[in-house]
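Structure record follows, encoded as structure tokens.
Keep in mind it's a predicted model, so treat the numbers as computed, not measured.
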Amino acid sequence: MTYIEDLESIGRKANPYFCLMGIDPVTYGDGRAELTMEIRPDMLNGVGWMQGGVYVSLIDEAMALAMMTILGEGEGIATVSETTQFIKGVREGRINARAHVVRAGRKIIFAEGFAFADGKEDEVLARTTASFSRITPK
């Protein structure tokens, strides 16, 4: 089975990191993906805001899932570069990450994603852009 087939069959259990972080897939396909996650107290930094790496992690996973929906059989990805702008902090609730493939070349795939509070798509919390190496089977 492919990763996408596993995700469709067993949900978050297809990805051990999803289980660790409490991430659930919302939608995915055609170079797009959305994930959701409940903020837990152990995700907060010392002053009570969600730690920035959690934003990055959730958006990164959404971008990876978006890319997985367009890859050919046996292809994979590896991160080359990733940049995140942190726009607004949160302390509690549910956050979503929505990502899409910007351009898929033969060797490099460009993607971007956004995090937002659940139900508040117009209020961006963080934005990430990234490039990934497309790994093709030999």
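- The two atoms that bring C19 and K13 nearest to each other are SG-CA, 3.7 Å, heavy atoms only.
- Checked for salt-bridge contact, R32 and D30 miss the test: no charged N lies under 4.0 Å from a carboxylate O.
- The only member of L125, I95, N45 that meets side-chain contact (heavy atoms from CB on, under 4.5 Å) when paired with M50 is I95.
- If you check the side chains of T36 and N96, you find a donor sitting under 3.5 Å from an acceptor.
- The hydrophobic cluster containing I77 also contains V56, counting ILVMFWY residues as joined when their side-chain heavy atoms lie under 4.5 angstrom apart, directly or transitively.
- Listed by chain and number, the residues in a side chain to side chain donor-acceptor pair (under 3.5 Å) with E123 are K88 (sequence neighbours excluded).
- Grouping the Ile, Leu, Val, Met, Phe, Trp and Tyr side chains by contacts below 4.5 angstrom, directly or via other members, places V90 apart from W49.
- Between H100 and V102, some side-chain heavy-atom pair lies under the 4.5 Å cut-off.
- Rounding to the nearest 0.5 angstrom, the gap separating the CD1 atom in I10 from the CZ atom in F18 is 11.5 Å.
- Side-chain atoms of M21 and M43, non-hydrogen and from C-beta on, do get closer than 4.5 Å to each other.
- What you find for V80 and S133 is that their closest heavy atoms are CG2-N, 3.4 Å.
- Within the model, atoms CG of L7 and OG1 of T2 stand 9.5 Å from one another, a figure rounded to the nearest 0.5 Å.
- At a threshold of 4.5 Å between non-hydrogen side-chain atoms, the residues V26 and R98 do not count as touching.
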Go through T83 and Q85 one step at a time and tell me if the side chain to side chain contact (heavy atoms under 4.5 Å, CB included) criterion holds. CA-CA 7 Å; T83 302; Q85 294 85 40; 3.6 Å; yes
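- By the rule that hydrophobic residues join a cluster once side-chain heavy atoms approach within less than 4.5 Å of another member, M67 and Y17 end up as members of one cluster.
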Would L44 and V54 count as a side chain to side chain contact (heavy atoms under 4.5 Å, CB included) here? Give the steps. CA-CA 9 Å; L44 304 179; V54 179; over 6 Å; no
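- Looking at heavy atoms from C-beta onward, L35 lies in side-chain contact with L65 at the 4.5 angstrom threshold.
- Here CZ of R12 is found 4.0 Å from CG of D24. Values are rounded to the nearest 0.5 Å.
- Looking only at side-chain heavy atoms (C-beta outward), R127 and T84 stay at 4.5 Å or farther from each other.
- Residues F114 and T128 fail the side-chain proximity criterion, which asks for heavy atoms closer than 4.5 Å.
- To the nearest 0.5 angstrom, Y3 atom OH is 9.0 Å from D6 atom CG.
- Taken to the nearest 0.5 Å, the NZ atom of K138 stands 7.5 Å off from the OG1 atom of T136.
- Summarising the geometry of A99 relative to A66, their closest heavy-atom pair is O-CB, 4.0 Å, with the distance given to 0.1 Å.
- If you chain together hydrophobic residues whose side chains sit under 4.5 Å apart, I59 and I23 fall into the same group.
- Using cut-offs of 30° and 60° on the angle between ring planes, the pair F86 and Y55 is tilted.
- Contact annotation: the side chain of E75 approaches that of P137 to within less than 4.5 Å [non-hydrogen atoms, C-beta and beyond].
- Of the candidates D60, I108, V101, D60 is the only one forming a side-chain contact (heavy atoms from CB on, under 4.5 Å) with F132.
- Note that NZ of K107 and CD1 of I135 are 11.5 Å apart. Values are rounded to the nearest 0.5 Å.
- Annotation: side chain of E92 is not in contact with side chain of E38 (no heavy-atom distance under 4.5 Å).
- The heavy-atom pair separating E112 from T129 by the smallest distance is CB-CG2, 4.0 Å.
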